[in-house]
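Inspection log for the structure reproduced underneath, given as structure tokens.
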Amino acid sequence: MFPDRISEAFRDRELATRLTERIHDAVVRPLRIMEVCGTHTMAIFRHGIRTLLPQAVELVSGPGCPVCVTSAGDIDQIIELASVPGVTLTTFGDMLRVPGSKGKNLAEARAEGARVEIVYSPADALKIAQNTERLVVFPAIGFETTIPVIAATVLEAKKKNISNFMLLVSHKVVPPALKALLDDPELGIDALLCPGHVSAIIGVQAYEPLAELYKMPSVIAGFEPLDILSAIYMLVSQIHEGKAVVENTYSRVVSGTGNIKARHMIEQVFEPCDAQWRGLGEIPASGLALRPVFNEFDARKYFGLTPISVPEPKGCRCGEILTGKVKPIQCPLFNTRCTPTHPIGPCMVSSEGSCAAYSKYGVQ
Amino acid sequence: MSIKRVLLDHGSGGVASRELIESIFLPRLDNPALAEFEDSAVLISSSSRLAFTTDSYVVDPIFFPGGDIGKLAVHGTINDLAMQGAMPIGLSLALILEEGFPIADLERIADSIAEASIQSNVPIVTGDTKVVPRGKVDKIFITTSGVGTMPDGLDLSSRLARPGDVVLLSGYMGDHGVTIMAARAGLSIQSSIASDTAPLHQLVSAMLKGVPEGIRCLRDPTRGGVATILSEIAEKSKVQVELNEAVLPIRPAVDTACEMLGLEPLYLANEGKCIVIAENDAADTLLSCMRKTSVGRDAVQIGRVVQNNNPHRPGTVIMNTAIGGTRIIGPLCGEPLPRIC
């Protein structure tokens, strides 16, 4: 009997139990698996996956939260632009409560009179621009999952000659960050649980050179509980068998070559640049900038903004949390001064942030 | 009325105000108390204990599948009284209108308020109308207050949950929240999703009749959803609430919409649902009473109350997930926001 919804199939209790038993049988020593992607961190908590795994398997969160890895300097610039007279800042919802270096966030800027509107997609932001005289600025944050849609919006804006729409680009791409992580001798992880939707764009192929070079077992997974459990089982098996290859359990969405058309669109609009990752520092060629032909949509150029380096708030260990060196509960500010309602670092307020997940779902 | 839009004059208390009220509200809300049209309505009650509540309604959009701001304003306040076990005897209706608000929309909302009032058998006995310049409010804000009579000896409270009690929910969760979020996101969802706005006082009456003693607490999970209300109850009663994810009543379309928007049904508003904490022995009778009513036909037990053994929190909500794991359910922090990824 087929379930009515695909999610029911991927939440089948009996299958989950069998997978969990196999994981227990296959684990022979302590292991650390990094869940690169913030959505995996949330899904793991939401379905109570940690409570099913053997104690020996430690799941560690990685830097796959685009809001969390946006530098404090970039966040300050977003908040500053929101308060410029004549600007309407259109943003994804998760940005609203991220604090800048002075503790203020966009929600507070809005209460002080800044025009801030939440949008569900960059296309909505463009629509707002077409219906106002104001300058509409969109903080372009996100990894490969989100970048193609933003690229498409820029192409449309160009085609329609829209002069009051601009991006404040803080896009980042995942493979260079993975390389920087894996280059760190203190990283100490045994396997990678690779992102689902980023992989839909970059394909299985993007991970193969890294898996080979660093001898790192890697499995791409979706976000349903059985996706994650089967990926963990495959990682544990690889470790047990001494293998280090890339496997894909999300084949219903991710292919070997990924989404070529989407990547082509990204390349049309953006070019690689060096980028500042909170926690990881500067990583060469890990960011994106608008190509010169799209200069008219670049808010940084228009406002003459240069990247600013801002120190982390005192005591905040977001950087170490993002690189899996430290768990949220080891940060002295966690759930004391830094809480979901009064966050100090992005990891707490972003819906994908590890600290937010640990706080919301409780430490098991 | 021949004019098409609300003007500042309509809020000034003079002839124009009277005209607005007499043409739009009085004919629709007609009842003896209101007809007196004095500064206060006088209500008769033999009960020495009265429940009194107030709520403001600023929902955007003002019209949505399943209802509108007017219906919400009537049901919401009736329900706050019902959750105390009170029988509503009258509501007040205060409106703040934006200059330029279309009269046709005002009439539509007035029709809806009248319909909700008549169907609930709860009269609107007094009211007020103000108009502010364009841009000072968003179209229409409504405040309703309500008075209800309390049965003797009835004490329902969030602090009364005890280990061994059951947690019941009167029907599907998240319908209202998804309807509003989807409308704001410009998502058109299949017509099976609509707000569940409904009055609950008749449901409560049926439950109290079937089980006069044994109900500890009634709460309607509006903003913040089932999760937030249960967190409050757990904290106030210093107990642990255990939920069973596999039996949570969620419509497939709501589930799908939530996945798309990055929301969780447990945290979404419901406007026609009731959480019931009751002693274990009363569970079957209560479910049977609820299922005989139209608003409670999908009632189900969603969990139970157990001893709280967590030294770090005064009361906790735990969910046994569908795949056999466990997780903590906390209260909602801030508004549910759509995500980047």
Side-chain angles (χ1 to χ4, degrees), chain A residues 4-5 7-8 10-13 15-17 19-20 37-39 42 44-53 64-67 92-97 107 118-121 124 127 141-143 145-146 195 197-198 223 225-226 229 339-341 349-352 356 359-364, chain B residues 60 181-187 192 224 227-228 231 234 240 242-248 250-267 310 312-313 315-341:
Chain A
D4 288 331
R5 308 200 292 280
S7 62
E8 268 176 45
F10 286 90
R11 294 178 193 190
D12 183 286
R13 177 126 182 195
L15 284 175
T17 307
L19 269 171
T20 310
C37 166
T39 313
M42 284 305 218
I44 285 166
F45 269 115
R46 186 177 155 190
H47 299 291
I49 286 176
R50 263 191 191 79
T51 58
L52 294 170
L53 296 176
C65 162
V67 171
F92 289 126
D94 354 22
M95 287 306 300
L96 213 68
R97 290 197 289 267
I118 295 181
V119 291
Y120 292 77
S121 87
D124 291 341
K127 230 181 271 169
I141 291 179
F143 297 136
T145 319
T146 325
H197 295 147
V198 163
F223 303 97
L226 290 187
L229 283 172
T339 63
T341 39
V349 77
S350 166
S351 55
E352 311 281 294
S359 182
K360 178 178 171 183
Y361 291 106
V363 180
Q364 305 286 356
Chain B
D60 172 48
M181 297 288 279
R184 287 191 197 149
L187 274 184
S192 63
T228 303
S231 294
Q240 182 166 290
E242 268 183 20
L243 291 180
N244 191 353
E245 185 177 33
V247 301
L248 291 180
I250 303 169
R251 294 184 202 281
V254 167
D255 205 21
T256 306
C258 284
E259 291 289 325
M260 280 169 59
L261 293 170
L263 305 168
E264 278 196 74
L266 276 168
Y267 290 93
N310 187 329
H312 303 296
R313 294 182 199 222
T316 47
V317 181
I318 301 282
M319 186 155 83
N320 296 316
T321 66
I323 55 159
T326 57
R327 78 175 236 220
I328 291 181
I329 304 273
L332 179 69
C333 302
E335 282 177 72
L337 294 169
R339 314 180 343 231
I340 286 181
C341 303

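Lettering of chains follows the sequences in order, A, B, ..., and the numbering in each one begins at 1. Keep in mind the model is a prediction, meaning the values are calculated, not measured.
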Calculate, to the nearest 0.5 Å, the distance between atoms [atom1] and [atom2] belonging to [X] and [Y] respectively.
X: A:Arg46; Y: B:Ile329; atom1: CZ; atom2: CD1; result: 9.5 Å
X: A:Ile49; Y: B:Thr321; atom1: CD1; atom2: OG1; result: 8.0 Å
X: A:Phe223; Y: B:Glu259; atom1: CZ; atom2: CD; result: 11.0 Å
X: A:Thr51; Y: B:Asn320; atom1: OG1; atom2: CG; result: 9.0 Å

Could you look at A:Leu53 and say if it's the side chain, the backbone, both or neither that has a heavy atom under 4.5 Å from chain B?
-> neither
B:Arg327 to A:Phe45 - nearest heavy-atom pair and separation | CB-O, 3.5 Å
